[in-house]
Structures are given as C-alpha cells and as structure tokens.
Number of protein chains: 2
Amino acid sequence: MTDAKPSQMTRIQQKNRDLIMQGALNVFSANGFRGATIDQIAKSAGLSKPNVLYYFGSKDEIHKALLTAMLDLWLAPMQLIDPYGDPLEEVLGYVRAKMAMSRDYPRESRLFAYEILQGAPHLTEILGGGLREIVDRAVIILNRWMDEGRLARVEPRHLIFSIWSMTQHYADFEIQVRAVLGSGRDPFAEGEVFLDQMYRKILTP
Amino acid sequence: MTDAKPSQMTRIQQKNRDLIMQGALNVFSANGFRGATIDQIAKSAGLSKPNVLYYFGSKDEIHKALLTAMLDLWLAPMQLIDPYGDPLEEVLGYVRAKMAMSRDYPRESRLFAYEILQGAPHLTEILGGGLREIVDRAVIILNRWMDEGRLARVEPRHLIFSIWSMTQHYADFEIQVRAVLGSGRDPFAEGEVFLDQMYRKILTP
DNA sequence: TAATTTATTGACCAAACGGTCAGGATCAGG
DNA sequence: CCTGATCCTGACCGTTTGGTCAATAAATTA
C-alpha cells in the first residue's frame, strides 16, 4: 500500500522516505518500537512530525516498512552459500559475512533483536514463511556436505543458530562485550579470529 | 534505600513487594522498560497502581530493584565453576547450567537482554565492576587449564561470550528458533545436545 | 503564467502514562 | 478496646505521545 514503486515516486518522495527510513533506523534500533517516538524519528530525519506522517500513515507503518526494507540485506549472506564451493570455506565465509554485518550494520542487528525479543509482532508471517525456506535451502546444502563426509556431522539448524547468536551478540550486546574485554581491544576482530578457529574445529570432518 | 532488609519488613511488605517483583518481571521481560506500564505491572501483581507506587517510588526504582534482585541468580552458574574439577566437565557443566537457565528462566534472560540492548542504563556500574571481576575469575581458571594442556587454547573471554550468546539465544529468540525448527521439536533439549557436542570438540586438547 | 497537484507545518486533540495526594481501611501493640 | 502506624485507593494532575486538520508553500503541468 505505502510501498509504491520507486519509479512512481517523485524525487522528493524518494528522498524524504529515505530520510525517514534512516531516522527510523537510528531511533528504533536504539530504543525499540515502544521506546521510539515519531518526534525523535522526525528530528533524526530532519523533518517535522506531520511531514513524517504525510509519508507514512503511522508509527506502525514506518516500523513495518523499515523491517521489510532491511530484511533482504539481513538474510542475503546465507543465500550466498555456494553449494559447489568448498564446504568448510563456505561456512566460514558465511560466518565472516555475518560478523561483518554485526560490525558494519549494528543498528540493523539491534532492530531485529528488539523485534524478535518482542515476539516478532511485525514479522510473524516472515518467520513462519520466507525465513524458514531460506534456512531449509541452507540446511539441504549442509546435509549433503555432511552426508558426503566433507563436513563433520552436526545438527544443521542448530549450527545456524550458533552462527546467528554468536555473530549478532557482538552487535546487540556490544556494551557488555566492551565492558568485559576492557578498552584497547577490537571485539570484532578478535571475535572473527575466535569464530574462525572454533568452526574449523567443529566442522572439520 | 528501598532495599530494606527482609527482617525489617512486615509480612504484608514482603508479600506485596514480592508480588510486584513478579509482575514487573512478567511485564518488563515481555515489553522492555519503555514498553512496560505501571498499570500493567499492578494488574499482573493484583494490586492497584497507587499501591504499587507505595512500595516502590517510581517505575525506574521497580526496574532497578528487579535487575539487582535477579543479577545474583543470573551470574551464579559461572561462580560454580570448580578450579579443582575436570576442566572439560566443568565447562560443559556451566554450559548445561546456562542452558537450563534459558529453559527455566526465559523471562529473566529477556529482562537482561532488553537492558543490555538498551545500552544498560541501569547496569553500567555492574557491567564495569562486578561482572568484569566475576569473568576475570573464570578467565584465570580457564587460562590455567589451558596452560596445563588440559583444555584446548582459545581466547577465554570470547569462549564465555560464545556460551552466553548461544544459550541465551534459545530464550531471547525462542520465537525465531521455534519458527525455524517447526513444531514437534524440543529446542532446548536439542540445543543442549548440540552445545555439548560442540564444546567437546572445541575444548578437547 | 494559470491551474492543479504535491509537500509542509503550526495548532490542536484525545488517550495513555508516570506520579501525587487526601482520606479511609486495616492491622499491630498496649 | 483504643491508638498509632501501616496499608490502600479513587480522583486528580501535568506531560508525553500518536495522530489529525486546515491552511499555506512549493512543484508540476497545461
């Protein structure tokens, strides 16, 4: 409904809808849905509150639009797993990609973290639908590799959970990570080394 | 200030403060701090809003009291690591304990997840203080075991992060986990098996 | 340039929310 | 049973918040 095709939008629409998405990302990722206010989003976007509501009819709509806009970016790395690549390197590449996402897109990570914590009220259809299919595709590949003895046997879905949780942990709980590590260290660089070492051990047949 | 000793409290005070903590746990863990209202807490506790505010002066105070009350429970498992036990079994025991916490106390897990996501506004002193010391204690033990060759060498703090993130993932993102796994499965039981297998591989020297 | 559509905003509204308070109910000790 | 302290609540208050609207400004089109 509000997701008119970009081609049908005026330049002003494109620019302002984008500004609002940016502001919404800032505010929602820092405060969660309930903690965010339209005023904050408007301020972060450099627009007035009524003007924000001129482009998106409601706070809910902004949130939903933001989640759907970010979802592709968020799920992209898993679809890059190449069934014809080297199994171990493919998985390690996925881990590295997810870790890079946590480093470069921590706001997106927190946005989804809030949403899932909340019970995913705006993502239920995606959780039960698209996400499951994407995971199933990866699981099929992983299972084949394990069958072929090119990857150690582990429960593939829980393997994926482990990758999600550990990589996103560095973004979502960054404050805790930094508090525990102390200053003068690079959590993401260290985490990448740790995860590489770890998954090598687990997955080497 | 509000944490009067239980012995100085009347039975009514003990009972009602406890009811409020229970209600607050329900509401804060489901909605986060900003998403929770005193009315909801009061309803969940079976008390009136002014009565809740008779025992705790403000929403902030309830939240702070709840976090501090839950913190000991939350950090207990790590302090149970026995420096004189079998290294691998001690770590695996810790993993199992954390997994049991996620299964049996998912609300507490979500409570802390929201707080850390938010930037830990009510936990900064704990994050920089007590938590770090507790972790340091465990790190010393882990390092000794690794020095002695009784445990494979990995960065101990990141090892701890991995345990936290993976175990808490099953509680905090339970909806996602269930959506991906589908019905008729027991995420926690499967996760425990997976984690046991995984950490055995990683940590066996 | 005139007409029309699109964009923008100050002022406003109703509901929700955190918190207060005066007064009444209940309880414990003498 | 009396009395003082504790406990409880309906009514209320100021603020914040999501959202509306009429009026104006800026683009776009004819």
Side-chain angles (χ1 to χ4, degrees), chain A residues 1-28 30-67 114-115 118 121-122, chain B residues 1-24 26-28 30-67 114 118 121-122:
Chain A
M1 9 199 82
T2 28
D3 314 350
K5 303 264 161 51
S7 55
Q8 308 174 358
M9 280 196 243
T10 68
R11 285 168 316 189
I12 297 178
Q13 278 173 345
Q14 286 185 35
K15 190 194 66 176
N16 284 349
R17 289 177 71 98
D18 194 63
L19 283 174
I20 294 168
M21 288 289 98
Q22 290 298 323
L25 178 58
N26 287 333
V27 177
F28 282 133
N31 305 99
F33 181 77
R34 295 284 312 262
T37 73
I38 302 180
D39 264 312
Q40 287 175 307
I41 295 171
K43 195 174 181 183
S44 175
L47 300 173
S48 68
K49 184 170 75 159
N51 204 11
V52 168
L53 287 164
Y54 171 75
Y55 289 100
F56 294 89
S58 68
K59 185 182 170 186
D60 249 83
E61 206 177 291
I62 301 174
H63 192 236
K64 216 163 185 167
L66 183 62
L67 283 173
Y114 270 117
E115 177 66 6
Q118 194 85 355
H122 291 165
Chain B
M1 3 202 89
T2 32
D3 314 351
K5 305 262 161 50
S7 55
Q8 307 173 358
M9 280 196 242
T10 67
R11 285 167 315 186
I12 296 178
Q13 277 173 345
Q14 287 186 34
K15 189 195 67 176
N16 284 350
R17 288 178 73 98
D18 195 64
L19 283 175
I20 293 168
M21 287 291 100
Q22 290 298 322
N26 286 333
V27 178
F28 282 133
N31 305 100
F33 181 77
R34 297 281 315 260
T37 72
I38 303 181
D39 264 312
Q40 287 175 307
I41 295 171
K43 195 174 180 182
S44 176
L47 301 172
S48 69
K49 184 171 72 162
N51 204 13
V52 167
L53 288 164
Y54 171 75
Y55 288 101
F56 295 89
S58 69
K59 186 182 169 184
D60 249 83
E61 206 177 291
I62 300 174
H63 191 236
K64 216 162 187 169
L66 183 62
L67 283 173
Y114 270 118
Q118 194 85 359
H122 290 167

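Each chain gets a letter, A, B and so on, in the order its sequence line appears, and its residues count up from 1.
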Would you mind reading off the distance between [X] atom [atom1] and [N] atom [atom2], rounded to a whole angstrom?
X: A:Arg17; N: C:dT6; atom1: CZ; atom2: C1'; result: 14 Å
X: B:Phe56; N: C:dG18; atom1: CZ; atom2: P; result: 16 Å
X: B:Ile62; N: C:dG18; atom1: CD1; atom2: P; result: 9 Å

Among residues at least two apart in sequence or on other chains, which ones pass side-chain contact (heavy atoms from CB on, under 4.5 Å) with [X]?
X: A:Tyr54; result: A:Asn51
X: B:Asp18; result: B:Gln22
X: B:Pro121; result: B:Glu115, B:Gln118

Can you give me the closest heavy-atom contact between [X] and [Y], atom names plus distance?
X: A:Ile12; Y: A:Tyr55; answer: CG2-OH, 3.5 Å
X: A:Ile62; Y: A:Ala24; answer: CG2-CB, 3.5 Å
X: B:Leu19; Y: B:Ala45; answer: O-CB, 3.4 Å

Quick one: do B:Thr37 and B:Lys49 satisfy side chain to side chain contact (heavy atoms under 4.5 Å, CB included)? Show the steps, please.
-> CA-CA 10 Å; B:Thr37 72; B:Lys49 184 171 72 162; over 6 Å; no
Dump the intermediate steps for side chain to side chain contact (heavy atoms under 4.5 Å, CB included) on B:Lys43 and B:Val27, then the final yes or no.
-> CA-CA 10 Å; B:Lys43 195 174 180 182; B:Val27 178; over 6 Å; no
Report the residues that fulfil ring pair (Phe, Tyr, Trp, His ring centres under 6.0 Å) with A:Phe28, sequence neighbours left out, ordered by chain and then residue number.
->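 Residues passing ring pair (Phe, Tyr, Trp, His ring centres under 6.0 Å) with A:Phe28: A:Phe33, A:His63.
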Along DNA chain D, first and last positions that approach a heavy atom of chain A under 4.0 Å |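 From 5' to 3', the first and last contacting nucleotides are D:dT17 to D:dT28.
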[X] side chain N/O closer than 4.0 Å to the phosphate oxygens (OP1, OP2) of [N]?
X: A:Tyr55; N: C:dT6; result: no
X: A:Tyr54; N: C:dA7; result: yes
X: A:Asn16; N: C:dT8; result: yes

Quick tally for nucleotides 19-30 of chain C: nucleotides whose base has a protein heavy atom under 4.0 Å get B, sugar-phosphate-only ones S, the rest -, giving BBB------S--
First encountered from the 5' end of DNA chain C, between A:Arg34 and A:Gln13 |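 Its nearest nucleotide being more 5', the pick is A:Gln13.
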With sugar-phosphate meaning primed atoms plus P, OP1 and OP2, does B:Ala42 contact a base, only sugar-phosphate, or nothing at under 4.0 Å between heavy atoms?
->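 Nothing, no nucleic acid heavy atom in range.
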